[in-house]
Amino acid sequence: MRSFLESVLEDFPGWRTHPEDCVFVLPSKRAGYFLKNLMATRAGQTLLSPRILSIEPFVEQIAGLRYASPVQLLFSLYEAFLEQEGVEQESFFEFSKWGQMLLQDFNEIDRYLIDTEAFFDYLGSIQEIRHWTLDGSSTPMIDRRVRFWKSLKPIYHRLRERLASDGLGYQGQVYRKAVDTLPHYLEQHTGITHVFMGFSALNRAEETIIQQILESGNHHIYWDADPYYLDNPQHDAGLFIRNHLRSWSSFKDSEPRGLSHHFGEPKRISNTGLPRAVSQAKFCGQLLEEIQQEAGESLTKTALILGEESLLNPVLHSLPASLQGVNITMGYPLKDTPLAHLFEVLFELLLRRTPRGVPVKEFLRALSHPFLQGWFQKAGTDPAQIRGKLIRENTFYLRWETVDQMPFPPQWKQLFPRESNPSPLDVIQGFIALIQALKPAYAQEKNGLSLEYLHHFHLLFNQLDELCRQYPFVGDVKALRMLYEQLLQEGRVDFQGEPLQGLQIMGMLESRNLDFETVII
């Protein structure tokens, strides 16, 4: 079977004859590794690789703006909000509850190139109409609500100006800027041939960029699609591509390129019903062992596709020991690590603290966490004995003086400051001290995975420390926890390995443009 990437290279020989004048744009980075490897095996001689980009870095290059991190965006939006006159001021913690949603709305407005002046004016007028009364009466709450909706337009413009002054932007802002600067980009790259590969669902900005590039000269687009569903107007799989082929002017006198006819070929498909995620992972391990025994070689042409990131951990523990070579393209989420659970318990302990002390129930949860047991033992602390003593005493709250008298390591006691409302910086320093104390214990055990977790959380809390010093409005533990959870969502533990050898484990979106002989979903 000829793969989609192979068909593109055969149809477009320019990558070999003039590689310096070619730019390949794909939906994801993963397909770029396979494309470059195919070029290397087919070149027959030494040559410089054409530029291969995924769509987001390509748009970033056109716009001349860099993508801001979600945390940077939230801080910048809050500063823009504070500068707005006439709206009720809120703490950073309260603002963060709806600030993320507002950022998503701004992002969609720009990605789909909405006329912002008309949109925000219409939005403000809608609110006035909704609260209109016959006698013209109003209440302070209604007035505040209407003022808020009318303030969104200046907040939107102020946010964009603040980010652009630093050479940054959120995704929609970068996309809109790329549409505006595209004519200038094309003037500077007149001799470059752009090749777009494997796209399907596009937002309005992406559509505009690709269409204008295709119409400007000798550029190409290849669709990873099959006439089996593309020619069927009732088939949802071809909906977006059918719309593109029907509405784009560049296809009025030309046929779509890159189409294959694999759906009609014979296949062996089996469905297995399993009740839970762990049983799915265990079954995949057995299945891979069977496939390897049948093939008698490495599973380079086999892909394991995960619909959910949380399945990665049980899958890794279920892989057969005889498996040679595994490439994991998706990083392991920090939020799913055991250390993330420990800090979740510690944050809960700090937030539930009262002038009477910390709740014994929450304290016992932290004390019995598996990640701490080896460290406690090496420090001469017996958690089971302390746990039994607290249960016998049957008290609801534990005062700091009581914790200070217990045989705990100093880094553990540092987690319980005397103040009832400790500053975020004190909390962060306590967490960093705990991480530094845990490292030697796991280094002695030569537990590389746990050390990797500790390293990533050390970096995370150092980043939190810098942010809290730079933005003093993160004033309490609640706001700190919200910020921590935001950074935690972005965190990944990256796996190292040979990207093109062995079994390929990846997420659903990473599988775009790639073809395998055996696919397990």
Do Leu103 and Leu159 touch side chain to side chain, with heavy atoms closer than 4.5 Å?
-> yes
Ile241 CD1 to Asp226 CG distance, which is reported to the nearest 0.5 Å = 10.5 Å
Exam field: side chain Lys301 to backbone Leu299, donor-acceptor pair closer than 3.5 Å | no
More than 12 non-hydrogen atoms from neighbouring residues, nucleotides or ligands closer than 6.0 Å to NE2 on His262, yes or no?
-> yes
Parallel, tilted or perpendicular, as decided by the 30° and 60° cut-offs, for the rings of Tyr185 and His194 | tilted
Under 3.5 Å, is there a donor-acceptor pair linking the side chains of Asp110 and Tyr175?
-> no
Backbone of Ser250 reached by a side-chain donor or acceptor of Ser254 within 3.5 Å | yes
Determine yes or no for a side-chain-to-main-chain donor-acceptor pair under 3.5 angstrom, with Ser96 supplying the side chain and Phe93 the backbone.
-> yes
Taking the six-membered ring for Trp and the full ring for Phe, Tyr or His, determine whether the centres of Tyr229 and Phe263 are under 6.0 Å apart.
-> yes
Pairwise side-chain contact, Val59 with Ile55, heavy-atom cut-off 4.5 Å (strictly under) | yes
Any donor-acceptor pair under 3.5 Å from His244 side chain to Ser200 backbone | yes
Show your working on ring-ring contact (aromatic ring centres under 6.0 Å, His included) between Tyr471 and Phe92 and close with a plain yes or no.
-> CA-CA 10 Å; Tyr471 301 100; Phe92 179 69; 8.3 Å; no
Identify whether the distance between the nearest side-chain nitrogen and carboxylate oxygen of Arg257 and Asp11 falls below 4.0 Å.
-> yes
The side-chain hydrogen bond (donor to acceptor under 3.5 Å, both in side chains) partners of Glu128 (sequence neighbours excluded) come to Lys150
Interatomic spacing from NZ in Lys177 to CG in Leu65 - rounded to 0.5 Å = 4.5 Å
Ignoring hydrogens and angles, write down the donor-acceptor pairs under 3.5 Å from the side chains of residues 12-21, residues two or more places apart or on other chains.
| unit_1 | atom_1 | unit_2 | atom_2 | d |
| --- | --- | --- | --- | --- |
| Trp15 | NE1 | Leu9 | O | 3.1 |
| Trp15 | NE1 | Phe12 | O | 3.4 |
| Arg16 | NH2 | Arg42 | O | 3.0 |

Using 30° and 60° as the class limits, which term best fits the ring planes of Trp223 and Trp248: parallel, tilted or perpendicular?
-> tilted
Residues which pass side chain to side chain contact (heavy atoms under 4.5 Å, CB included) with Ser511, listed by chain and number, not counting sequence neighbours | Ile305, Met506, Met508
Qualifying salt bridge (Lys or Arg N to Asp or Glu O under 4.0 Å) pairs with a residue from residues 76-98, counting only residues at least two apart or across chains | Glu79-Arg162, Glu83-Arg158, Glu83-Arg162, Glu88-Arg144, Glu94-Lys97
Let me know which of Glu56, Arg176, Glu60 forms a side chain to side chain donor-acceptor pair (under 3.5 Å) with Gln171.
-> Glu56
Backbone N or O of Gln234 within a donor-acceptor pair of the Asn232 side chain at under 3.5 Å?
-> yes
Are any non-hydrogen side-chain atoms of Ile520 and Leu288 less than 4.5 angstrom apart?
-> yes
Taking atom CZ of Arg204 as the centre, does the number of heavy atoms from other residues, nucleotides or ligands within less than 6.0 Å exceed 12?
-> no
Quick one: are the ring centres of Phe81 and Trp98 less than 6.0 Å apart?
-> yes
Are side-chain heavy atoms of Phe119 and Ile109 found at a separation under 4.5 Å?
-> yes
Ignoring hydrogens and geometry, is there a side-chain-to-backbone donor-acceptor pair from Ser3 to Glu6 under 3.5 Å?
-> yes
Would you say the side chain of Tyr484 lies within less than 4.5 Å of the side chain of Phe431, judging by non-hydrogen atoms?
-> no
Would you find more than 12 non-hydrogen atoms of other residues, nucleotides or ligands less than 6.0 Å from Glu308 atom CD?
-> no
Contact summary for Ile209 and Ala178, nearest pair of heavy atoms | CD1-CB, 3.9 Å
Main-chain N/O of Phe4 paired to Asp515 side chain as donor or acceptor, under 3.5 Å = yes
Have His455 and Lys439 got a donor and an acceptor in their side chains that come within less than 3.5 Å?
-> no
Sequence neighbours left out, what pairs pass salt bridge (Lys or Arg N to Asp or Glu O under 4.0 Å) with at least one residue falling in residues 454-479?
-> Asp465-Arg469
Side chain proximity check, Val23 to Thr193, heavy atoms < 4.5 angstrom | no
Would you kindly say whether Glu215 and Ser249 are connected by a side-chain donor-acceptor distance under 3.5 Å?
-> yes
Taking Arg160 for the side chain and Ile155 for the main chain, is one N or O donor matched with an acceptor at less than 3.5 Å?
-> no
Distance only, no hydrogens: is a donor on one side chain within 3.5 Å (strictly under) of an acceptor on the other, for Glu10 and Ser7?
-> no
Pairs of donor and acceptor atoms involving the side chains of residues 333-343, under 3.5 Å and at least two apart or interchain, shall be tabulated with distances.
| unit_1 | atom_1 | unit_2 | atom_2 | d |
| --- | --- | --- | --- | --- |
| Thr337 | OG1 | Leu334 | O | 2.7 |
| Thr337 | OG1 | Ala340 | N | 3.3 |
| His341 | ND1 | His369 | NE2 | 3.0 |

Flag yes if more than 12 heavy atoms outside Glu255 fall under 6.0 Å of its CD atom; otherwise flag no.
-> no
Ile328 vs Leu316 side-chain heavy atoms within contact, under 4.5 Å | yes
Once you round to the nearest 0.5 Å, how far does OG of Ser49 lie from CD1 of Ile52?
-> 4.0 Å
Kindly give the heavy-atom pair with the smallest separation between Asp180 and Pro183, and that separation in Å.
-> O-CD, 3.6 Å
Side-chain heavy-atom pair Met197, His220 within 4.5 angstrom cut-off = no
Phe95 vs Tyr78 aromatic rings, parallel, tilted or perpendicular, using cut-offs 30° and 60°?
-> tilted
For residues His157 and Glu117, is any side-chain donor paired with an opposing acceptor at under 3.5 Å?
-> yes
Rounded to the nearest 0.5 angstrom, the OH-CG distance for Tyr67 and Leu163 is 13.5 Å
